[in-house]
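Proteins come first, then strands; the chains are lettered A, B, ... in the order of their sequence lines, and each starts at number 1.
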Protein chains: 2
Amino acid sequence: MDQIDRALIAQLQRDATQSYAALGQSVGLSAGAVHERVRKLRERGAIRATTVDVDPKALGLGVLSYVMVDSNAWMGDTAAAFAALPEVQEAHVIAGAASVLLKVRTPTTEQLQDVLRRIYDISGVSGTQAIVVLETFFERPIAVG
Amino acid sequence: MDQIDRALIAQLQRDATQSYAALGQSVGLSAGAVHERVRKLRERGAIRATTVDVDPKALGLGVLSYVMVDSNAWMGDTAAAFAALPEVQEAHVIAGAASVLLKVRTPTTEQLQDVLRRIYDISGVSGTQAIVVLETFFERPIAVG
DNA sequence: GTCATAACCTGATGTCATTCGGTAGAAATT
DNA sequence: AATTTCTACCGAATGACATCAGGTTATGAC
């Protein structure tokens, strides 16, 4: 993982549709060499997947919120329970007052309420605190440096 | 944006490297028809970009945290100030006690402390509360339904 | 200095993206 | 109802590109 690999990752984050020849141009290598480097980055898991970035609004998911989940039990093995809720985009175990932090996308705040109800149904959950996003400044890829 | 478009988006989220012929197989259309549909999804902005999903650990960014920023002024036009901090991956204006919520990735907790220091330097910021993630259950694409 | 390994380049091959002409169905107009 | 218009689709053709292989240079170990 040298400076060229980082440059390649940065380029691919910006636009993963560009050709290996174009990538080679921007880092000063041949298409073949770039192909081999990217293949290894995928193999090692540094590049997990090639995906598309979708506009949530286009899917009718206009409401973004973060939910702090309080619990009265060990939450270390409840990943599947949260994953079963399709509105939950991220789930993290956190240090501090609450024990789990969720990123939730719903069409409306009414549907958020319904998600909160389903969260309460999960074993060990004792309470929730929802933080509704009013405006997203930005969501961007990880900075590669 | 019909059911076929949603299926295409779901497929592309899973793997954007597959051929249009393969995509056509999974939705029952020809490669040409799929090509045209995807082109329009990009044009409309439903598909914002094609990118790679990078493992933060591979870039040495092992610490994920969320930072609640308290303020004593209107924070509606401070997007650029937060965007200037490369460790900040997301920034949202939120309803509730704090006024901005940040998603921050750093190599270490010491570097998180340094980011907090730089956040304090932003005009209008009166305080911060950092929530450190102990374990990420999952981070996944938006559910297309 | 020599050997071994890894990274690279160039060129060849097959696959695929992209485009085009034509067709069928749906919707709007007369 | 007939006609027109528009949209989505298919199948084929073309050119670009991913992918692979053979040979070469650079890198590092002994």
Side-chain angles (χ1 to χ4, degrees), chain A residues 1-62 107 139-145, chain B residues 1-62 107 139-145:
Chain A
M1 171 69 72
D2 59 6
Q3 208 51 44
I4 292 181
D5 283 336
R6 301 182 97 91
L8 288 174
I9 287 176
Q11 283 292 323
L12 289 172
Q13 279 180 334
R14 198 175 58 76
D15 177 15
T17 68
Q18 59 191 312
S19 70
Y20 286 115
L23 287 171
Q25 280 285 329
S26 58
V27 301
L29 287 179
S30 72
V34 169
H35 185 267
E36 179 67 7
R37 275 179 177 263
V38 173
R39 192 190 63 74
K40 283 180 183 165
L41 285 170
R42 289 187 208 276
E43 191 180 74
R44 287 179 225 153
I47 294 177
R48 289 195 191 124
T50 301
T51 60
V52 289
D53 177 30
V54 178
D55 181 4
K57 296 244 177 75
L59 296 176
L61 298 172
E139 293 179 282
R140 63 187 181 190
I142 302 172
V144 302
Chain B
M1 172 69 71
D2 60 6
Q3 209 51 43
I4 293 181
D5 282 337
R6 301 182 97 90
L8 288 175
I9 287 176
Q11 283 291 325
L12 289 172
Q13 279 180 333
R14 197 175 58 76
D15 177 14
T17 68
Q18 59 192 311
S19 70
Y20 285 115
L23 287 170
Q25 281 285 329
S26 58
V27 301
L29 286 181
S30 71
V34 170
H35 185 267
E36 179 68 8
R37 274 179 178 265
V38 173
R39 191 191 63 74
K40 282 179 184 165
L41 285 170
R42 290 187 208 277
E43 191 180 75
R44 288 179 226 151
I47 294 177
R48 289 195 191 126
T50 301
T51 59
V52 289
D53 177 29
V54 178
D55 182 3
K57 296 243 178 73
L59 296 176
L61 297 172
E139 294 179 282
R140 62 187 181 188
I142 301 171
V144 302

For residues [X] and [Y], determine if any side-chain heavy atom of one lies less than 4.5 Å from a side-chain heavy atom of the other.
X: B:Ile142; Y: B:Gln13; result: yes
X: A:Gln25; Y: A:Val34; result: no
X: B:Arg44; Y: B:Asp5; result: yes
X: A:Arg42; Y: A:Thr50; result: yes
X: A:Leu23; Y: A:Arg37; result: no
X: A:Met1; Y: A:Leu41; result: yes

Rounded to the Å, how far apart are [X] [atom1] and [N] [atom2]?
X: A:Glu36; N: C:dA6; atom1: CD; atom2: C1'; answer: 10 Å
X: A:Leu29; N: C:dT10; atom1: CG; atom2: C1'; answer: 14 Å
X: B:Leu23; N: C:dC16; atom1: CG; atom2: C1'; answer: 12 Å

From D:dA8, C:dC8, D:dC10, nucleotide with atom closest to B:Arg37 side chain: D:dA8
Give me, pair by pair, the N or O atoms of the protein and of nucleotides 14-21 of chain D that are less than 3.5 Å apart, along with how far apart they are.
unit_1	atom_1	unit_2	atom_2	d
D:dA18	OP1	A:Tyr20	N	3.2
D:dA18	OP2	A:Tyr20	N	3.3
D:dT19	OP2	A:His35	NE2	2.7
D:dT19	O5'	A:His35	NE2	3.3

From B:Leu61 atom CG to B:Asp55 atom CG, the distance as rounded to the nearest 0.5 Å: 9.5 Å
Gap between atom CD1 of A:Ile47 and atom CD1 of A:Ile9 - 0.5 Å precision: 5.0 Å
Counterpart residues, side-chain hydrogen bond (donor to acceptor under 3.5 Å, both in side chains), relative to B:Thr17 (two or more places apart): B:Asp15
Backbone of B:Val38 reached by a side-chain donor or acceptor of B:Glu43 within 3.5 Å: no
Difference in axis direction between the ends of the helix from C:dG1-D:dC30 to C:dT30-D:dA1, five pairs, 10°: 40°
Residue pairs involving residues 21-36 of chain A (criterion salt bridge (charged side-chain N to carboxylate O under 4.0 Å, His left out); sequence neighbours excluded): A:Glu36-A:Arg39, A:Glu36-A:Lys40
Near-strand residues of residues 1-9 of chain A, defined as heavy-atom separation under 4.0 angstrom from DNA chain D: none
Trace of the side chain to side chain donor-acceptor pair (under 3.5 Å) decision for A:Arg6 with A:Gln3: CA-CA 5 Å; A:Arg6 301 182 97 91; A:Gln3 208 51 44; 5.0 Å; no
Short heteroatom pairs, N/O only, protein and nucleotides 22-28 of chain D, under 3.5 Å:
none

Ionic contact status for B:Arg140 with B:Asp53, cut-off 4.0 Å: no
Phosphate OP1/OP2 of D:dA8 contacted by B:Lys40 side-chain N/O (<4.0 Å): yes
